[in-house]
Amino acid sequence: MPQLEVSDFAQAVIDRMADCPDARFKEVMAALVKHAHAFVREVDLTPDEWMAGIQFLTATGQKCDEKRQEFILLSDTLGISMLVVALEQARGAKALADQPGERPTEATVQGPFFWPGAPRRDLGDDIGEGYGEPTLYHGRVTDTSGQPIAGCELDVWSGDEGGLYDMQKGDSMSLRAQFRTDQDGNYRFWSIKPTFYPVPGDGPVGAMLDRMGRHLNRPGHMHMMLQAPGHERLVTHIFVKDSPYLDSDAVFGVRNSLIVDFPKHQPGKAPDGRTMNRPYYTAKYDFRLVPSSR
Ligand code: BEZ
Ligand code: FE
């Protein structure tokens with residue numbers, strides 16, 4: 001009976017999948033085994049280190065409940081969530097390569113604070129009153145050929161001026177809503193200028209980041225999710241241009257094309273006609289959606 005040597009184990013595991021009927025699953029699992037074994041050999045992992053890794057993954061699972069997803073946080077902070085988003089976007093761009101038109105809006109991570117079923121609000125409504133510095137968000141949603149998309153659903157969510165989301169405070173929904181674009185694809189709503197904030201650091205992922213010598217912060221951003229029939233769903237953010245941590249986002253989500261100026265205005269008439277009796281900001285951003293491939 002030939003004995004397996006250090007360099008043989010990975011192939012032996014892969015060979016056992018000879019009867020696997022699902023070609024894609026087999027491909028993914030074979031690559032996982034190959035790279036995991038290569039990692040163990042590369043760092044010459046000791047039994048104590050492997051046990052520490054298993055305990056870390058166990059603690060990560062145990063930290064999860066309906067409101068807390070520590071595994072997604074692990075994926076986010078290791079850059080894997082954003083890598084998957086970027087690969088999906090590159091796939092879409094390749095499919096569009098021979099078609100005329102503009103590049104679609106870049107996507108970024110969804111994060112753990114999306115809460116389905118946010119209240120439907122009218123264009124121009126203020127969802128941020130009392131939560132921070134007032135900001136008018138406005139722009140247009142089109143397809144990549146510049147055609148306006150009417151009735152596009154726009155879900156928006158952010159933390160408060162201290163960087164905390166309603167879910168983290170145990171509150172009912174706040175600073176989140178769903179809007180629909182008008183006939184010309186325009187949207188507008190008032191919320192706050194978002195501030196930078198730390199990702200949850202009180203679990204195993206926080207301990208890992210601390211041990212890595214990394215900070216927990218994300219630059220200020222407004223989350224947006226856009227959905228319209230006949231178009232691919234877009235999950236993205238608008239990042240605040242003067243925010244700290246744009247160059248060291250804890251989850252690697254920043255795309256240059258999503259960084260937006262938030263000019264400050266003195267009290268007076270805002271571009272949507274609202275009279276403001278205190279200083280306010282504006283953030284203008286146009287979104288371009290990709291036609292659906294399914
Ligand atoms: C967020 O932006 O809400 C977020 C994204 C990834 C991890 C934690 C928070
Ligand atoms: Fe966020």
Side-chain angles (χ1 to χ4, degrees), residues 60-61 63-89 105-118 127-128 131-133 135 137 154-171 173-178 189 191-210 212 214-226 233-260 262 283 285:
T60 299
K63 191 76 187 166
C64 296
D65 58 29
E66 301 105 64
K67 292 223 166 129
R68 179 77 179 255
Q69 231 304 351
E70 194 77 356
F71 266 112
I72 295 184
L73 188 59
L74 179 61
S75 159
D76 292 342
T77 53
L78 293 182
I80 296 172
S81 303
M82 198 52 216
L83 174 59
V84 172
V85 167
L87 284 171
E88 174 76 353
Q89 190 116 38
T105 302
E106 288 193 280
T108 187
V109 289
Q110 179 168 317
F113 301 126
F114 175 64
W115 192 345
I127 63 167
Y131 286 98
E133 298 177 292
T135 302
Y137 293 82
L154 185 76
D155 261 286
V156 304
W157 69 103
S158 79
D160 63 15
E161 64 187 336
L164 280 176
Y165 288 78
D166 46 10
M167 290 167 126
Q168 291 174 293
K169 296 184 282 188
D171 284 0
M173 286 190 184
S174 61
L175 288 166
R176 61 178 79 238
Q178 196 184 84
F189 65 93
S191 187
I192 64 164
K193 183 182 180 200
T195 177
F196 69 90
Y197 67 85
V199 299
D202 61 343
V205 173
M208 175 195 80
L209 294 176
D210 187 46
M212 285 173 152
R214 286 174 53 182
H215 70 74
L216 297 167
N217 292 302
R218 300 213 62 207
H221 57 272
M222 174 64 67
H223 291 264
M224 306 257 188
M225 182 189 287
L226 291 87
R233 188 175 77 151
L234 171 68
V235 177
T236 193
H237 305 350
I238 287 176
F239 288 97
V240 181
K241 194 173 182 176
D242 63 2
S243 176
Y245 304 111
L246 278 172
D247 57 359
S248 64
D249 181 4
V251 304
F252 307 93
V254 178
R255 315 300 285 169
N256 290 339
S257 67
L258 302 176
I259 300 175
V260 175
F262 278 58
Y285 198 80

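Worth knowing before you read on, the calculation uses all heavy atoms, side chains too, and leaves out hydrogens, waters and symmetry mates. We count ligands from 1, going down the list as the structure has it; atoms in each ligand are counted the same way.
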Peer 1: For ligand 1, which atoms, with element, lie under 4.0 Å from some heavy atom of Phe113?
Peer 2: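 Answer for ligand 1: 3 (O), 9 (C).
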
Peer 1: Need the ligand 1 atom indices (1-based, order shown) with element for anything under 4.0 Å from a heavy-atom of Gly111.
Peer 2: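 Numbered from 1, ligand 1 contributes 4 (C), 5 (C), 6 (C).
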
Peer 1: For Gln69, check side chain to side chain donor-acceptor pair (under 3.5 Å) against everything at least two apart and list the hits.
Peer 2: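 For Gln69 there are no side chain to side chain donor-acceptor pair (under 3.5 Å) partners, ignoring immediate neighbours.
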
Peer 1: Hey, is the main chain of Thr105 close enough, under 3.5 Å, to the side chain of Arg255 for a donor-acceptor pair?
Peer 2: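 No; zero donor-acceptor contacts below 3.5 Å.
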
Peer 1: Got a donor-acceptor contact below 3.5 angstrom from the Thr236 side chain to the Glu106 backbone?
Peer 2: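 Judged by distance alone, yes, a pair lies under 3.5 Å.
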
Peer 1: Against heavy atoms of His223, which atoms of ligand 1 measure under 4.0 Å?
Peer 2: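 Once the distances to His223 are compared, the set is 1 (C), 2 (O), 3 (O).
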
Peer 1: For the metal site, I want the angle between atom NE2 of His223 and atom NE2 of His221 with the Fe ion (ligand 2) at the apex, to 10°.
Peer 2: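 Result: 90°, to 10°.
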
Peer 1: Less than 4.0 angstrom from a charged side-chain N to a carboxylate O is my criterion; do Asp202 and Arg68 meet it?
Peer 2: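 Yes, charged N to carboxylate O under 4.0 Å.
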
Peer 1: Would you mind running through ligand 1 and noting each atom that sits below 4.0 Å from a heavy atom of Val251?
Peer 2: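 Counting atoms of ligand 1 from 1, those under 4.0 Å from Val251 are 6 (C), 7 (C).
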
Peer 1: With sequence neighbours excluded, tell me which residues meet side chain to side chain donor-acceptor pair (under 3.5 Å) with Ser75.
Peer 2: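 For Ser75 the side chain to side chain donor-acceptor pair (under 3.5 Å) partners, ignoring immediate neighbours, are Ser81.
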
Peer 1: If you define the side chain from C-beta out and look only at heavy atoms, does anything of Leu74 sit under 4.5 Å from Met208?
Peer 2: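 Answer yes - side chains close enough.
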
Peer 1: With backbone taken as N, CA, C and O and side chain as the heavy atoms from C-beta onward, which portion of Thr77 lies under 4.0 Å from ligand 1: side chain, backbone, both, or neither?
Peer 2: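 Neither part.
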
Peer 1: For atom 9 (C) of ligand 1, grab the closest protein heavy atom and report residue, atom and distance to one decimal in Å.
Peer 2: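 Of every protein heavy atom, Pro112 CD, 3.3 Å lies nearest to atom 9 (C) of ligand 1.
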
Peer 1: Give the residue and atom name of whichever protein heavy atom lies nearest to atom 6 (C) of ligand 1, and the separation in Å to one decimal.
Peer 2: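 That would be Asp76 OD2, 3.1 Å.
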
Peer 1: Quick check on Lys169: does its NZ atom have over 12 non-hydrogen neighbours (other residues, nucleotides or ligands) under 6.0 Å away?
Peer 2: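 Above 12, so yes.
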
Peer 1: Quick check: does any side chain N or O of Arg176 sit under 3.5 Å from a backbone N or O of Asp155, one acting as donor and the other as acceptor?
Peer 2: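 Between the backbone of Asp155 and the side chain of Arg176 there is no qualifying donor-acceptor contact (under 3.5 Å).
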
Peer 1: Could you identify the single nearest non-hydrogen protein atom to atom 3 (O) of ligand 1 and state the distance to 0.1 Å?
Peer 2: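 Atom 3 (O) of ligand 1 sits closest to the protein heavy atom Tyr197 OH, 2.8 Å.
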
Peer 1: Could you confirm whether Ser158 has any N/O/S atom lying under 2.8 Å from the Fe ion (ligand 2)?
Peer 2: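 Coordinating: no.
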
Peer 1: Is there any N or O on Gln110 that sits under 3.5 Å from an N or O of ligand 1?
Peer 2: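 Between Gln110 and ligand 1 (N or O atoms, distance only) the closest approach is not under 3.5 Å.
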
